[in-house]
Amino acid sequence: MLRNPVGLSYAVVTLLATLAVADAALFVSALDVRLLMTGSLEDHPEPAGFAHMGVDVVSVLQALIQLALVVVFLVWFYRVRKNAGVFAPDVHRGGPGWAIGAWFVPIANLWWPRSVAAGTWRASRRDPYGDQKVAGESFTVLNLWWVCWIVTDAASFFATAVYDDADTVEEFTAGAGLLMGAAVLDIVAAVLAILFVRRLTSMQHSKATGMIPAA
(Lines give C-alpha, C1' and ligand atoms only; values in the text may rest on other atoms or scores of the structure.)
Protein backbone atom coordinates (compact mmCIF):
# COMPACT_ATOMS: atom_id res chain seq x y z
CA MET A 1 0.00 0.00 0.00
CA LEU A 2 1.29 3.43 -0.95
CA ARG A 3 1.47 6.11 1.72
CA ASN A 4 1.80 9.81 0.97
CA PRO A 5 5.27 11.12 1.97
CA VAL A 6 4.49 14.78 1.24
CA GLY A 7 3.58 15.82 4.79
CA LEU A 8 6.69 14.19 6.25
CA SER A 9 8.83 15.82 3.59
CA TYR A 10 7.62 19.24 4.71
CA ALA A 11 8.70 18.44 8.26
CA VAL A 12 12.12 17.20 7.08
CA VAL A 13 12.67 20.29 4.92
CA THR A 14 11.65 22.59 7.78
CA LEU A 15 14.11 20.94 10.15
CA LEU A 16 16.88 21.04 7.54
CA ALA A 17 16.27 24.75 7.00
CA THR A 18 16.30 25.29 10.77
CA LEU A 19 19.60 23.42 10.99
CA ALA A 20 21.05 25.66 8.28
CA VAL A 21 20.05 28.72 10.32
CA ALA A 22 21.75 27.19 13.38
CA ASP A 23 24.85 26.59 11.25
CA ALA A 24 24.86 30.26 10.28
CA ALA A 25 24.61 31.17 13.98
CA LEU A 26 27.55 28.86 14.73
CA PHE A 27 29.57 30.51 11.97
CA VAL A 28 28.95 33.94 13.52
CA SER A 29 29.75 32.71 17.04
CA ALA A 30 32.97 31.03 15.91
CA LEU A 31 33.95 34.14 13.96
CA ASP A 32 33.45 36.18 17.13
CA VAL A 33 35.77 33.82 19.02
CA ARG A 34 38.34 33.95 16.24
CA LEU A 35 38.36 37.75 16.19
CA LEU A 36 38.69 37.96 19.98
CA MET A 37 41.50 35.41 19.98
CA THR A 38 43.68 37.67 17.82
CA GLY A 39 44.58 39.32 21.16
CA SER A 40 45.30 37.60 24.48
CA LEU A 41 42.64 36.04 26.66
CA GLU A 42 43.71 38.28 29.53
CA ASP A 43 42.96 41.41 27.50
CA HIS A 44 39.32 40.42 26.94
CA PRO A 45 38.32 37.93 29.65
CA GLU A 46 34.59 38.63 29.74
CA PRO A 47 33.95 39.09 25.98
CA ALA A 48 35.94 35.93 25.25
CA GLY A 49 33.90 34.04 27.84
CA PHE A 50 30.66 35.22 26.30
CA ALA A 51 31.92 34.29 22.84
CA HIS A 52 32.76 30.75 23.97
CA MET A 53 29.36 30.53 25.62
CA GLY A 54 27.75 31.52 22.32
CA VAL A 55 29.48 28.62 20.56
CA ASP A 56 28.39 26.22 23.31
CA VAL A 57 24.75 27.38 23.25
CA VAL A 58 24.51 27.14 19.47
CA SER A 59 26.13 23.70 19.56
CA VAL A 60 23.49 22.47 22.02
CA LEU A 61 20.72 23.88 19.82
CA GLN A 62 22.27 22.15 16.81
CA ALA A 63 22.32 18.84 18.66
CA LEU A 64 18.63 19.16 19.56
CA ILE A 65 17.68 20.06 15.98
CA GLN A 66 19.75 17.18 14.62
CA LEU A 67 18.09 14.75 17.01
CA ALA A 68 14.63 15.78 15.81
CA LEU A 69 15.84 15.72 12.21
CA VAL A 70 17.20 12.18 12.51
CA VAL A 71 13.87 10.88 13.80
CA VAL A 72 11.71 12.63 11.20
CA PHE A 73 14.10 11.91 8.32
CA LEU A 74 14.22 8.19 9.13
CA VAL A 75 10.41 8.02 9.24
CA TRP A 76 10.24 9.77 5.85
CA PHE A 77 13.03 7.59 4.42
CA TYR A 78 11.30 4.41 5.55
CA ARG A 79 8.04 5.55 4.00
CA VAL A 80 9.53 6.37 0.59
CA ARG A 81 11.41 3.05 0.65
CA LYS A 82 8.15 1.20 1.38
CA ASN A 83 6.49 3.03 -1.52
CA ALA A 84 9.42 2.15 -3.77
CA GLY A 85 8.83 -1.51 -2.97
CA VAL A 86 5.35 -1.15 -4.44
CA PHE A 87 6.59 0.69 -7.54
CA ALA A 88 9.40 -1.76 -8.40
CA PRO A 89 10.05 -4.48 -5.82
CA ASP A 90 12.84 -6.15 -7.79
CA VAL A 91 15.32 -3.24 -7.85
CA HIS A 92 16.12 -3.33 -4.13
CA ARG A 93 18.77 -5.18 -2.13
CA GLY A 94 17.10 -6.05 1.14
CA GLY A 95 13.83 -5.14 2.80
CA PRO A 96 12.48 -1.68 3.70
CA GLY A 97 13.68 -2.04 7.28
CA TRP A 98 17.20 -1.31 6.06
CA ALA A 99 16.07 2.24 5.30
CA ILE A 100 16.54 2.68 9.05
CA GLY A 101 18.92 -0.12 10.01
CA ALA A 102 21.59 0.68 7.41
CA TRP A 103 22.40 3.97 9.16
CA PHE A 104 23.42 2.16 12.35
CA VAL A 105 25.83 -0.41 10.91
CA PRO A 106 29.41 0.75 11.61
CA ILE A 107 31.59 1.36 8.55
CA ALA A 108 28.85 0.10 6.20
CA ASN A 109 26.81 3.21 6.99
CA LEU A 110 29.28 5.10 4.81
CA TRP A 111 27.68 3.59 1.70
CA TRP A 112 24.74 1.34 2.61
CA PRO A 113 22.13 4.09 3.16
CA ARG A 114 23.16 5.61 -0.16
CA SER A 115 22.50 2.23 -1.79
CA VAL A 116 19.03 2.14 -0.22
CA ALA A 117 18.40 5.69 -1.42
CA ALA A 118 19.57 4.81 -4.94
CA GLY A 119 17.20 1.84 -5.15
CA THR A 120 14.35 4.00 -3.86
CA TRP A 121 15.18 6.72 -6.37
CA ARG A 122 15.38 4.22 -9.25
CA ALA A 123 12.03 2.64 -8.36
CA SER A 124 10.40 6.07 -8.11
CA ARG A 125 11.33 7.09 -11.66
CA ARG A 126 8.68 7.00 -14.35
CA ASP A 127 10.55 4.03 -15.88
CA PRO A 128 12.54 2.22 -13.17
CA TYR A 129 14.23 0.05 -15.76
CA GLY A 130 15.11 2.76 -18.28
CA ASP A 131 18.06 5.12 -18.47
CA GLN A 132 18.47 8.36 -16.53
CA LYS A 133 18.03 10.78 -19.43
CA VAL A 134 14.65 12.02 -18.22
CA ALA A 135 15.06 15.51 -16.77
CA GLY A 136 15.32 15.51 -12.99
CA GLU A 137 15.63 11.73 -12.64
CA SER A 138 19.42 11.30 -12.67
CA PHE A 139 21.32 10.45 -9.50
CA THR A 140 23.17 13.79 -9.49
CA VAL A 141 21.35 15.34 -6.53
CA LEU A 142 21.54 12.10 -4.55
CA ASN A 143 25.27 11.70 -5.18
CA LEU A 144 26.10 15.32 -4.39
CA TRP A 145 24.12 15.19 -1.15
CA TRP A 146 25.71 11.92 -0.05
CA VAL A 147 29.30 12.98 -0.72
CA CYS A 148 28.74 16.35 0.94
CA TRP A 149 27.12 14.70 3.96
CA ILE A 150 30.07 12.33 4.46
CA VAL A 151 32.60 15.15 4.14
CA THR A 152 30.59 17.43 6.44
CA ASP A 153 30.22 14.75 9.10
CA ALA A 154 33.98 14.16 9.17
CA ALA A 155 34.78 17.88 9.10
CA SER A 156 32.37 18.65 11.94
CA PHE A 157 33.78 15.86 14.10
CA PHE A 158 37.34 17.04 13.54
CA ALA A 159 36.54 20.74 14.07
CA THR A 160 34.64 20.06 17.30
CA ALA A 161 37.48 17.91 18.65
CA VAL A 162 40.09 20.59 17.89
CA TYR A 163 38.00 23.36 19.44
CA ASP A 164 37.07 21.38 22.56
CA ASP A 165 40.71 20.42 23.20
CA ALA A 166 42.05 23.96 22.68
CA ASP A 167 44.06 25.50 25.53
CA THR A 168 46.01 28.31 23.88
CA VAL A 169 44.98 31.35 21.88
CA GLU A 170 46.41 29.82 18.72
CA GLU A 171 44.48 26.59 19.26
CA PHE A 172 41.22 28.43 19.91
CA THR A 173 41.80 30.51 16.77
CA ALA A 174 42.44 27.41 14.68
CA GLY A 175 39.48 25.54 16.21
CA ALA A 176 37.13 28.46 15.60
CA GLY A 177 38.27 28.63 11.98
CA LEU A 178 37.58 24.93 11.55
CA LEU A 179 34.13 25.35 13.09
CA MET A 180 33.39 28.11 10.58
CA GLY A 181 34.41 25.86 7.69
CA ALA A 182 32.35 22.96 9.03
CA ALA A 183 29.33 25.26 9.41
CA VAL A 184 29.56 26.32 5.76
CA LEU A 185 29.82 22.69 4.64
CA ASP A 186 26.83 21.77 6.78
CA ILE A 187 24.75 24.54 5.18
CA VAL A 188 25.63 23.22 1.72
CA ALA A 189 24.78 19.66 2.84
CA ALA A 190 21.43 20.86 4.25
CA VAL A 191 20.55 22.59 0.96
CA LEU A 192 21.45 19.47 -1.03
CA ALA A 193 19.44 17.32 1.38
CA ILE A 194 16.43 19.60 0.88
CA LEU A 195 16.76 19.21 -2.89
CA PHE A 196 17.03 15.41 -2.51
CA VAL A 197 14.00 15.14 -0.22
CA ARG A 198 11.84 17.45 -2.34
CA ARG A 199 12.78 15.76 -5.61
CA LEU A 200 12.28 12.18 -4.41
CA THR A 201 8.99 13.08 -2.75
CA SER A 202 7.83 14.81 -5.93
CA MET A 203 8.77 11.81 -8.04
CA GLN A 204 6.80 9.43 -5.81
CA HIS A 205 3.77 11.70 -5.52
CA SER A 206 3.68 12.25 -9.26
CA LYS A 207 4.08 8.56 -10.03
CA ALA A 208 1.35 7.61 -7.58
CA THR A 209 -1.09 10.21 -8.94
CA GLY A 210 -0.14 9.78 -12.59
CA MET A 211 1.14 13.32 -12.99
CA ILE A 212 4.41 14.34 -14.67
CA PRO A 213 6.84 15.56 -12.00
CA ALA A 214 8.34 19.00 -12.31
CA ALA A 215 12.00 19.13 -13.36
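Atoms considered below: every heavy atom in the structure, side chains included; atoms not considered: hydrogens, waters and symmetry mates. Each residue takes its place number in the sequence, starting with 1. Keep in mind that what you see is a predicted model, and the values were worked out from it rather than measured.
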Might you work through the side-chain contact (heavy atoms from CB on, under 4.5 Å) test for F139 and R122, ending with a clear yes or no? CA-CA 9 Å; F139 289 113; R122 183 178 295 108; 3.6 Å; yes

Would W149 and W103 satisfy ring-ring contact (aromatic ring centres under 6.0 Å, His included), going step by step from the backbone distance to the final call? CA-CA 13 Å; W149 181 78; W103 297 90; 5.7 Å; yes

Test side-chain contact (heavy atoms from CB on, under 4.5 Å) applied to V55 and F172, step by step: CA-CA 12 Å; V55 171; F172 275 115; over 6 Å; no

Would the distance check show the side chain of S9 and the main-chain N or O of V6 forming a donor-acceptor pair, the cut-off being under 3.5 Å?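 Between the backbone of V6 and the side chain of S9 there is a qualifying donor-acceptor contact (under 3.5 Å).
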
Donor-acceptor contact below 3.5 Å, side chain T120 vs main chain V116: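 Indeed, once roles are kept as given, a pair shorter than 3.5 Å links the two residues.
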
On a heavy-atom basis, which atom in [X] and which in [Y] lie closest, and how many Å separate them?
{"X": "T152", "Y": "A189", "answer": "OG1-CB, 3.8 Å"}
{"X": "A159", "Y": "A182", "answer": "CB-CB, 4.2 Å"}
{"X": "V33", "Y": "A176", "answer": "CG1-CB, 4.1 Å"}
{"X": "L179", "Y": "A30", "answer": "CB-CB, 4.0 Å"}
{"X": "R199", "Y": "W121", "answer": "CG-CH2, 3.4 Å"}
{"X": "V86", "Y": "P89", "answer": "O-CD, 4.1 Å"}

How long is the straight-line distance from [atom2] of [Y] back to [atom1] of [X], given to the nearest 0.5 Å?
{"X": "L69", "Y": "T14", "atom1": "CG", "atom2": "OG1", "answer": "10.5 Å"}
{"X": "F73", "Y": "L16", "atom1": "CZ", "atom2": "CG", "answer": "8.0 Å"}
{"X": "L185", "Y": "S156", "atom1": "CG", "atom2": "OG", "answer": "7.5 Å"}
{"X": "T140", "Y": "L192", "atom1": "OG1", "atom2": "CG", "answer": "11.5 Å"}
{"X": "L195", "Y": "L200", "atom1": "CG", "atom2": "CG", "answer": "12.5 Å"}
{"X": "L8", "Y": "F77", "atom1": "CG", "atom2": "CZ", "answer": "13.5 Å"}

Could you tell me whether the side chain of K207 reaches within less than 4.5 Å of the side chain of R125, counting heavy atoms only?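 They are not in contact (no side-chain heavy atoms under 4.5 Å apart), so the answer is no.
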
In terms of hydrophobic clusters joined by side-chain contacts under 4.5 Å, are [X] and [Y] together?
{"X": "W146", "Y": "I107", "value": "yes"}
{"X": "V75", "Y": "L2", "value": "no"}
{"X": "F87", "Y": "V91", "value": "no"}
{"X": "L31", "Y": "L178", "value": "no"}
{"X": "F104", "Y": "I150", "value": "yes"}

For W98, what residues pass the ring-ring contact (aromatic ring centres under 6.0 Å, His included) criterion, not counting sequence neighbours?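 W98 satisfies ring-ring contact (aromatic ring centres under 6.0 Å, His included) with W112 once adjacent residues are dropped.
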
Among all residues two or more places apart in sequence or in another chain, which pass the ring-ring contact (aromatic ring centres under 6.0 Å, His included) test with W145?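 Scan of W145 (ring-ring contact (aromatic ring centres under 6.0 Å, His included), adjacent residues dropped) gives F196.
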
With sequence neighbours left out, write down each residue that passes side-chain hydrogen bond (donor to acceptor under 3.5 Å, both in side chains) with N143, or none if nothing qualifies.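 With neighbours one apart ignored, the set is R114.
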
Could you work out, with side-chain hydrogen bond (donor to acceptor under 3.5 Å, both in side chains) as the rule, every residue matching D165, not counting sequence neighbours?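 Residues passing side-chain hydrogen bond (donor to acceptor under 3.5 Å, both in side chains) with D165: none at all.
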
Decide if atom OH of Y10 counts as having more than 12 heavy atoms of other residues, nucleotides or ligands within a radius under 6.0 Å.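 Check fails, neighbour count at 12 or below.
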
Once side-chain hydrogen bond (donor to acceptor under 3.5 Å, both in side chains) is applied, what residue pairs with a partner in residues 64-83 remain, sequence neighbours excluded?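 Residue pairs passing side-chain hydrogen bond (donor to acceptor under 3.5 Å, both in side chains), neighbours aside: W76-T201, N83-Q204.
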
For V60, what are the other residues in its hydrophobic cluster, where any two members join if their side-chain heavy atoms are less than 4.5 angstrom apart?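 Members other than V60 - counting any ILVMFWY side chain reachable under 4.5 Å - are L64.
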
Verify side-chain contact (heavy atoms from CB on, under 4.5 Å) between F27 and I187, making sure each step is shown before the conclusion. CA-CA 10 Å; F27 181 93; I187 291 173; 5.9 Å; no

